There are 2 protein chains.
Amino acid sequence: MKQRETATIEDVARIAGVSIATVSRAVHHPGKVAEATRKKVNAAIAKTGFTANAMAQSLRNKSSKMILALVPDISNTFFANILLGLEAAASRRGYGLLIGNTENDPRTEATYLNYTRSNKADGIVLMTGHLPYGAAEVRQHLPPIVAACEAIPDEYVPFIGVDNRHGARIGVRHLVELGHRRIAYISGPASNILSIDRLAGYEEALGQMGLPVDRDLILDGDFSIEGGRLAVERLFIRDSLPTAFFCANDDMAIGVLLALSKRGFIVPVDFSVLGFDDIPFSSCTTPPLTTVRQPRRLIGEAAMEKMLDMVERKPTNEGPVILPVELIIRGSTGAPGGFGLSRAI
Amino acid sequence: MKQRETATIEDVARIAGVSIATVSRAVHHPGKVAEATRKKVNAAIAKTGFTANAMAQSLRNKSSKMILALVPDISNTFFANILLGLEAAASRRGYGLLIGNTENDPRTEATYLNYTRSNKADGIVLMTGHLPYGAAEVRQHLPPIVAACEAIPDEYVPFIGVDNRHGARIGVRHLVELGHRRIAYISGPASNILSIDRLAGYEEALGQMGLPVDRDLILDGDFSIEGGRLAVERLFIRDSLPTAFFCANDDMAIGVLLALSKRGFIVPVDFSVLGFDDIPFSSCTTPPLTTVRQPRRLIGEAAMEKMLDMVERKPTNEGPVILPVELIIRGSTGAPGGFGLSRAI
DNA sequence: CTGTTAGCGCCTTCAA
DNA sequence: TTGAAGGCGCTAACAG
C-alpha cells in the first residue's frame, strides 16, 4: 500500500484514531486537548513525519508568516548584515524571510510588491529608499511597510536606522580635531536622503568648528568605488585640493584610497580619508579605513521587530527607531602633512 | 459598500458577468476563451486590480513556484553573484527565489528543508556542500536538489560549477612560469571538497612542471581572512619559506596580503600571492589580487536552469555542468625577488 | 465556448 | 473534550 507522497492531517488523524480537528488542536492549542489524546496525536505525527502544508495554512489563515525584504543590490556587502539581523529576528518569532533583489528596477519592484498582494508575504522591509513601483496605485491597501537604513521621504513609513547627520558630524569633527581645515565631502546621489543628511552633518560640524563650507569641495558620487575614484580625479583637475576626504559611504572611500594611491600619495600622510558604514572590508584596505560604523545587525533586528509588531497588530510606539553610530578610528586618518609631503621626502 | 480587502476571482467573474472558471481560463489558457469574453475578463481584472492568491494556487497546483537557495553565509560576497544568477534565471521562467542563510547550523538547515516538505518551495539549490540536516531521514521523498559551486560528496546530486582542479592547475602553473619553485598552498578546511580538488590541481601542476610537493608548504586554513593571516604566521615560525602563496580562496589571499604587509614585505617583490574566486573586492587590494575567476553569475543561472528542468520534469542531460575558469592576472604575482629583497634596498 | 463542481489541506466555529 | 462541517481561493475535469 503506497502512502500518500507526503502525510496530511488526515493521515495523522486516522492513525491516532481521532478527528482532524483534534489533531489541529493538539498542535496549536495543546491545552484544549486531553493529555492522553495529545500523546496519541504526537505519536502519530512522529510516525508519519507529518508537516502541515504551509500553503493550506496560509490560505486558511490569510497569513504566510513570511516577510519580504527589498534591497537594491544583494551583492552590496552593506546589506548583508542587515539581512542577517532581519532573518534572526524573524526566525525568533516564527517567521521566514524572503529576500528580493530589485536593482531599482520598477518591474522587479512591482513583481515583489505583488508578493504581498498574493499573500506570499505579510509585510515588506524596504532598504531601497523608496516605495516599490506600483505602490502608489494601491496606496489604500498597502501591506505593513517599514524602512531600514534609508528613510522613505514624504511617506509615513516607520524608519529604523541611524542618525546620519550625527554620524557625519562626529566623523568630520574627528577630521577637524586632527587639524584638517579643508575637508571634501564626497556625496552619494544628490537627491538621496542619506547623501543629504550626511551633508547636513558635515556642514554642521564645519560650522560648529568655525570653518567655512567650500562648495568646491562638495562632489557628487554614486556610492560606488568607481564614484570615489572619479571624485578624486575631478578634484585634481582643479587647483584647490582638500587635505581630507569625508565620503558618504565606505565604497567611495575605497575608491578614493585607490585613486590617491595610484597617484602616488600616501594616506594618511598626504591626505586623510574617512568613510561611512564600516563594511567588513573596511579593515582590509591599505591603510585600514577610519569610518563611522552603523550597527547593521541591530538595525535589521529592530526593523524586523517593528515589522512583526505591525503585522501582528501589537502596540508599537510610533516614530523612528534610531540606533547609535560609532566612530571607528583606523589608519586612514591622521594630522594633515601637507600636499605632496610624502613625495618630497 | 465596502469591497473585500482584496479582489478574488469571484469579484472578477461577477463584474465580467462570467463564471470563475472562465476567468481562470482567460488567464491561463487564453486560447480557450472567446475573444469578446477574454476582453470582458481582462477589463474586470484591470478594474478590480485582481491578483490571484498565490497560496490558493499553490495549494491547488501543489507547486509554489519558489526555489530555495541554501547558502552558508549570505554576507560572504562570493555567493552574491551566484544568487543574482539564480534569481535572474528563476524569474525568467516565472519562479521566485527564496534565500536561506544556514550558517551551517543543523537546526536552521532542518527548518529550511521543511520549506519543501510544507510546499513553500519546489526545490533546493545547495551551496553548502552537504545535504541539509534532516535530509537523511526523509531520503525517499526528497525534493529536486542541485549543488552549485560545491559538489555534494557521495550523493547523486547534479553539480554545477567549475573544474576546481583545473583552476588550481592554471593558477599554479602561472606561478611556476614566473619562476617560483617553492609555492605554499593555503587550503580551506582539509575535508572540504573544494580544498581537496584545488590541492589536487596544485600537486598536479607542480608534478607537471617537475617540481616536488613539499608537505611543509601545505597549510590548512578556513576560507577566512583571518585564516590566511594565521597561515602566514605559522609559516614564518618555521625556517623554510615559500616565494609564493596559492590560496584556496580570495578571502584567505587577502589575509595573506595583510599579514605580509604587516611584516613589512612588498608583494609581489618579496612574495607572490594568488587567490581563487575573484570576488569583487579582489581588484581593490594592495596590490590588486591575481586570482582564478569563477563565472559566478553563469553558475547561478545554469544551476537554476537545471533545477527548473528537474522541477518541471523536462528532459535534462545527466551529469555535472562545468563552466570555465579564467586566470585574472593583476598585481600580486611576479617573478620571485628573493626573501627580504625589498627590505634590503 | 462556458458553467458547475469537486476538491487541494487546514483551522475553527458550532454542537454534542 | 471531541467531531462534523464550512470555507479560505483557485484550477481542471466534466457536461452541456
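Treat the numbers as computed from the prediction; the structure is a model and nothing was measured. Chain letters run A, B, ... following the sequence lines, proteins first and then strands; every chain starts at 1.
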Distance, nearest 0.5 Å, that separates OH of A/Tyr115 from OG of A/Ser64: 11.5 Å
Quick one: OG1 on A/Thr116 to CG on A/Leu113, what's the gap to the nearest 0.5 Å? 4.5 Å
Rounded interatomic separation in angstrom, taking CD1 from B/Ile20 and P from D/dA12: 12 Å
List in numerical order all residues of residues 56-67 of chain B for which some heavy atom is under 4.0 Å away from an atom belonging to DNA chain C. B/Leu59, B/Arg60, B/Lys62
Want to settle it: does B/Val18 or A/Arg25 sit nearer the 5' end of DNA chain C, counting the closest nucleotide to each? B/Val18
For the pair made of NZ in A/Lys120 and C1' in D/dC10, what is the distance, rounded to whole Å? 14 Å
Using a heavy-atom cut-off of under 4.0 Å over every strand shown, decide if A/Thr22 touches base, sugar-phosphate, or nothing. sugar-phosphate
How many whole angstroms separate atom CE of B/Met55 from atom C1' of D/dG7? 18 Å
Counting just side-chain N and O atoms, does B/His29 come under 4.0 Å of either OP1 or OP2 of D/dA12? yes
Answer yes or no: does a side-chain N or O of A/His28 lie under 4.0 Å from OP1 or OP2 of C/dC11? yes
Sidechain N-carboxylate O distance under 4.0 Å for B/Asp11, B/Arg14: yes
Testing C/dC10, D/dC10, C/dT4 for proximity to the side chain of B/Asn53, the answer is D/dC10
What is the separation between atom CD on A/Glu10 and atom P on C/dG7, rounded to the nearest whole Å? 11 Å
Is the closest basic N to carboxylate O distance between B/Arg93 and B/Asp309 below 4.0 Å? yes
Mind checking if A/Ala21 touches a base, just sugar-phosphate, or nothing, with heavy atoms under 4.0 Å? base
When the side chains of residues 83-90 of chain B are checked against the rest of the protein, which donor-acceptor pairs come out under 3.5 Å, sequence neighbours left out?
residue: B/Glu87; atom: OE2; partner: A/Asn101; partner atom: N; Å: 3.3
residue: B/Glu87; atom: OE2; partner: A/Tyr112; partner atom: OH; Å: 2.6

Starting from the first five and the last five pairs of the helix from C/dC1-D/dG16 to C/dA16-D/dT1, work out the angle between the resulting helix axes, to 10 degrees. 40°
Quick check for you: to the nearest 0.5 Å, what is the distance between A/Asn119 atom CG and B/Ser58 atom OG? 10.5 Å
Rounded to the nearest 0.5 Å, what separates atom CD in B/Glu35 from atom NZ in B/Lys39? 4.5 Å
Mind checking whether B/Thr37 and B/Val18 have side chains closer than 4.5 Å, heavy atoms only? yes
Rounded to whole Å, how long is the line connecting atom CZ of B/Arg14 with atom C1' of C/dT2? 19 Å
On DNA chain C, compare the nucleotides closest to A/Ile9 and B/Arg38; which residue's is nearer the 5' end? B/Arg38
So, taking the atom named CE in A/Met307 and the one named CG in A/Leu68, what distance separates them when rounded to the nearest 0.5 Å? 9.0 Å
Would you mind reading off the distance between A/Lys32 atom NZ and D/dG3 atom C1', rounded to a whole angstrom? 15 Å
